[in-house]
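Any value given below was found using the heavy atoms of this structure, including those in side chains, with hydrogens, waters and symmetry copies removed. Chain letters run A, B, ... following the sequence lines, proteins first, then strands; residues in each count from 1.
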2 protein chains.
Amino acid sequence: MSAGVDERGTEARATIVDVARHAGVSKSTVSLVLSGSSLVAESTRTRVSQSMSDLGYIYHRGAATLRGAKSRVLGMVINDLSNPFFVEMAIGIEEACQGGAFIPFIANTVENPVRQLQVIRSMREYGAAGLALSPAIASSALELKPLLSDMPVVQVMRRLPGLRASIVAPENRFGARKAVQHLIGLGHKRIAFVGGFPAMSVREERLAGYAEALDEAGLPYDPALVIEAPINPSGAAGVAPQLLRSSTAALCFNDVVAIGLIRAFAAAGVEAGRDFAVVGFDDIDEARHIFPALTSVAVNGRALGARAAQLLMRQLASGDFAPENILSPTTLVVRVSCGASRQPGVSS
Amino acid sequence: MSAGVDERGTEARATIVDVARHAGVSKSTVSLVLSGSSLVAESTRTRVSQSMSDLGYIYHRGAATLRGAKSRVLGMVINDLSNPFFVEMAIGIEEACQGGAFIPFIANTVENPVRQLQVIRSMREYGAAGLALSPAIASSALELKPLLSDMPVVQVMRRLPGLRASIVAPENRFGARKAVQHLIGLGHKRIAFVGGFPAMSVREERLAGYAEALDEAGLPYDPALVIEAPINPSGAAGVAPQLLRSSTAALCFNDVVAIGLIRAFAAAGVEAGRDFAVVGFDDIDEARHIFPALTSVAVNGRALGARAAQLLMRQLASGDFAPENILSPTTLVVRVSCGASRQPGVSS
DNA sequence: TTACGGAATTAGCACGTTCCAAAAGTCACG
DNA sequence: CGTGACTTTTGGAACGTGCTAATTCCGTAA
């Protein structure tokens, strides 16, 4: 009776009390119907349900969480949705949530720590039950820490040193080592590592694997071959000439860098796999399709995201938020860009 | 005094009252500080702020909206984040929100109407102020309608017939017409339209432009040349043989279909632009990079998203939710895949 | 008849915030 | 010292829901 105006107006949204009045019961009964309690008689349940749809009732979750009910929202804070790898990861998280009756909300921080702070704060303010976080590059664990207390947090893919939170990440070091071993096996002596900047956890791990493989093979670790560059196609293009001068092969920080590099090479008449060996990391969809097809260390972002979500949901169910570390396996997928079917170029 | 336990515990989150007590003021004053009111003395403001960070206070937006405050959350309901075009659109919305002090939350419906319903319901329950909606394919306006009353809703890209909500969309018909005119200008007589299914609004519009251009040129509209297919690479691959038999050129529903087609052709030894003319729609980033480079009707998803967000924020500011329609221009970007530099093949 | 027990329903407080009206404090002026 | 004007602070009633404990209803056994 208090709701039902058809055109837009100031008509307040129907509340549980309106529904109760409309159905001729108390608000407690309506609350029981909402929570699916078996206490309420079948006839009452249908009558109340009817009233709810008659009035266009919408549950007010703010009021509910206020009273102490648990929220079913998982926040996903992703650093860069324009990188297909992170999109895959987000989709993996979403898929896993569907099974567990959680609703994931995504926010894109665009690698901006300030925005990341805003976004996490918002998610907490709105009562998210847990967080899957892929931290922006220059994040400060100190700033984040107070925002993340008393809620389960899983860091996916990237890890932030000072943060006491679970980690779900690929075996970066192992994967990088395998990739460099492969290049060494093809006869390369001067192998570069391209992309990213110091203090990025993923880069450090991959770089460690790179160094390990060199060391195993008795090759020197030459800092001049470790080349920093922004994680985007033009960043890669910018260091292409330098690479050609200094080395015959490169392990790239990730596929975005590798693909940027292959394209920059192509524009200069250099063909990856024939004139220069390129290996990527992540194995995004495009790696399979680019010419020449990109050899890459496969991570399976979807599975990674799914594991993170499962861990989060398990922690929420048990109430035990003690940090756990999960390492997800990586495998080298050999295609064309590493020149596996050829010998490395003779020109030094 | 009630907060401050370091390890995880049952310690309740600090409330505005705790802060007030800690700072030696009333909760009303703290509330004023939170809202940035100029009423409160500078010295008091700093003292209260200090108490807030001392106690690790987190604003409880649920309680606030309960009392009647406006929410600053915009919901983005996106049908398919694995399509780069929609990712671009989402990023456009996000960018626009940053200027307007709104926080966008993304949800991915994976083209699943049931999930879409859940997601929209959740967003309403959590008090989203407005919605940017790119409806899933088989959405029902009837089911959606009651969920969307009394809140500004903008349909981006796609439109759902029965829905009374604003629309921000590209000039699909015009763009498709230009594309087909271009193909006709190159001498093609048998031009197919590939991808999507009936009842998809975007397809209907693009198909209308296709038909218009044929009609203008006096070419017959042959239903056998309008080929349905799922909007993904393998869907396109499935109809490639049929296309080769029936036509010499194709306008694809979008770039995802076009790229799938080009790859399927390549696998069969058919080169787009030389043996068969392919034109896409949307002009996603990959269109520029695939071989041969894809001729496509550019939409600029980022700008489209930005316009949608701006419209939404304007409506929220004014309180006037009357539906508006915004058409965003499209332009044909000619590259290689349409064979602009060659004549169409002589083989019928 | 009363007593009992289980099923179904309800009253009412609590949650953390905002907002209104009102109170208290401060200052200058006559 | 009283008055008025202005600045700053405060008490308390909402807001919509969940939960606990209490109440009613109904049928059956003593």
Side-chain angles (χ1 to χ4, degrees), chain A residues 2-3 10-49 51-52 55-73 121-122 124-127 150, chain B residues 2-3 10-49 51-52 55-73 121-122 124-127 150:
Chain A
S2 72
T10 15
E11 127 217 30
R13 76 195 270 174
T15 80
I16 208 177
V17 180
D18 297 323
V19 174
R21 191 160 28 214
H22 186 273
V25 297
S26 76
K27 68 184 163 58
S28 303
T29 304
V30 179
S31 176
L32 288 175
V33 171
L34 280 170
S35 58
S37 163
S38 60
L39 282 175
V40 53
E42 199 49 42
S43 61
T44 314
R45 180 191 310 283
T46 53
R47 191 155 36 95
V48 170
S49 304
S51 296
M52 290 199 291
L55 298 181
Y57 169 72
I58 290 181
Y59 186 68
H60 194 311
R61 213 163 275 271
T65 57
L66 181 54
R67 184 60 182 82
K70 278 284 135 200
S71 153
R72 305 301 283 178
V73 165
R121 175 166 286 275
S122 273
R124 285 230 68 170
E125 290 179 356
Y126 279 93
D150 291 312
Chain B
S2 72
T10 15
E11 131 216 27
R13 78 196 265 176
T15 80
I16 208 177
V17 181
D18 298 324
V19 175
R21 192 160 25 215
H22 187 272
V25 296
S26 76
K27 66 185 162 53
S28 304
T29 304
V30 179
S31 177
L32 289 175
V33 171
L34 280 171
S35 59
S37 163
S38 60
L39 282 175
V40 53
E42 199 49 42
S43 61
T44 314
R45 180 190 312 281
T46 53
R47 190 153 37 97
V48 170
S49 304
S51 296
M52 291 200 290
L55 297 180
Y57 168 71
I58 290 181
Y59 186 67
H60 195 312
R61 213 163 276 269
T65 58
L66 180 54
R67 186 58 181 84
K70 279 283 133 201
S71 153
R72 307 300 284 177
V73 164
R121 175 166 286 276
S122 273
R124 286 230 67 171
E125 290 179 355
Y126 279 94
D150 291 313

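B:Glu42 has its CD atom 10 Å from the P atom of D:dT8, to the nearest Å. One interatomic measurement links the two molecules: OH of A:Tyr57 to P of D:dG16, which rounds to 10 Å at whole-angstrom precision. Between the P atom of D:dT9 and the CZ atom of B:Arg47 lies a distance of 8 Å, rounded to the nearest Å. Regarding B:His60, its NE2 atom lies at a distance of 15 Å from the P atom of D:dT17, rounded to whole Å. The separation between A:Arg67 atom CZ and D:dC19 atom C1' is 5 Å, rounded to whole Å. Atom pair B:Leu66:CG and D:dG18:C1' shows a separation of 13 Å (rounding to whole Å applied). What separates CZ of A:Arg13 from P of D:dG16 is a distance of 9 Å, to the nearest Å.
Side-chain atoms of B:Thr65 and B:Tyr126 form no donor-acceptor pair, as typed in the model, at a separation below 3.5 Å.
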Which is it for B:Leu55 and B:His22 under the side-chain contact (heavy atoms from CB on, under 4.5 Å) test, yes or no, and what are the steps along the way?
CA-CA 9 Å; B:Leu55 297 180; B:His22 187 272; 3.9 Å; yes
For the pair A:Ser49 and A:Thr46, evaluate side-chain contact (heavy atoms from CB on, under 4.5 Å) and give the outcome as yes or no after the intermediate values.
CA-CA 5 Å; A:Ser49 304; A:Thr46 53; 5.6 Å; no
Using side-chain contact (heavy atoms from CB on, under 4.5 Å), reason through B:Ile16 and B:Ser31 one step at a time and then give a plain yes or no.
CA-CA 7 Å; B:Ile16 208 177; B:Ser31 177; 4.0 Å; yes
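Nearest heavy-atom pair, A:Asp150 versus A:Arg124, reported as atom, atom and distance to 0.1 Å: O-NH2, 4.1 Å.
At a cut-off of 3.5 angstrom, the base of D:dG12 holds at least one donor-acceptor pair with the side chain of B:Lys27.
In this structure, the side chain of A:Arg13 engages the main chain of A:Ile58 through a donor-acceptor pair within 3.5 Å. No donor-acceptor distance shorter than 3.5 angstrom exists from the side chain of B:Arg67 to the backbone of B:Gly62, with no hydrogens or angles considered.
Protein chain B touches strand DNA chain C; the 5'-most and 3'-most nucleotides with an atom under 4.0 angstrom of its non-hydrogen atoms are C:dG16 to C:dC19.
Across the interface with DNA chain D, nearest-nucleotide mapping of A:Leu32 and B:Thr29 shows B:Thr29 to be the residue nearer the 5′ end. Nearest-nucleotide positions on DNA chain D for A:Thr15 and A:Ser28 put A:Thr15 closer to the 5' end.
Considering only side-chain N and O atoms, B:Thr44 lies under 4.0 angstrom from the phosphate OP1 or OP2 of D:dT9. Phosphate contact (OP1/OP2 of D:dT10, side-chain N/O of B:Ser26, threshold under 4.0 Å): present.
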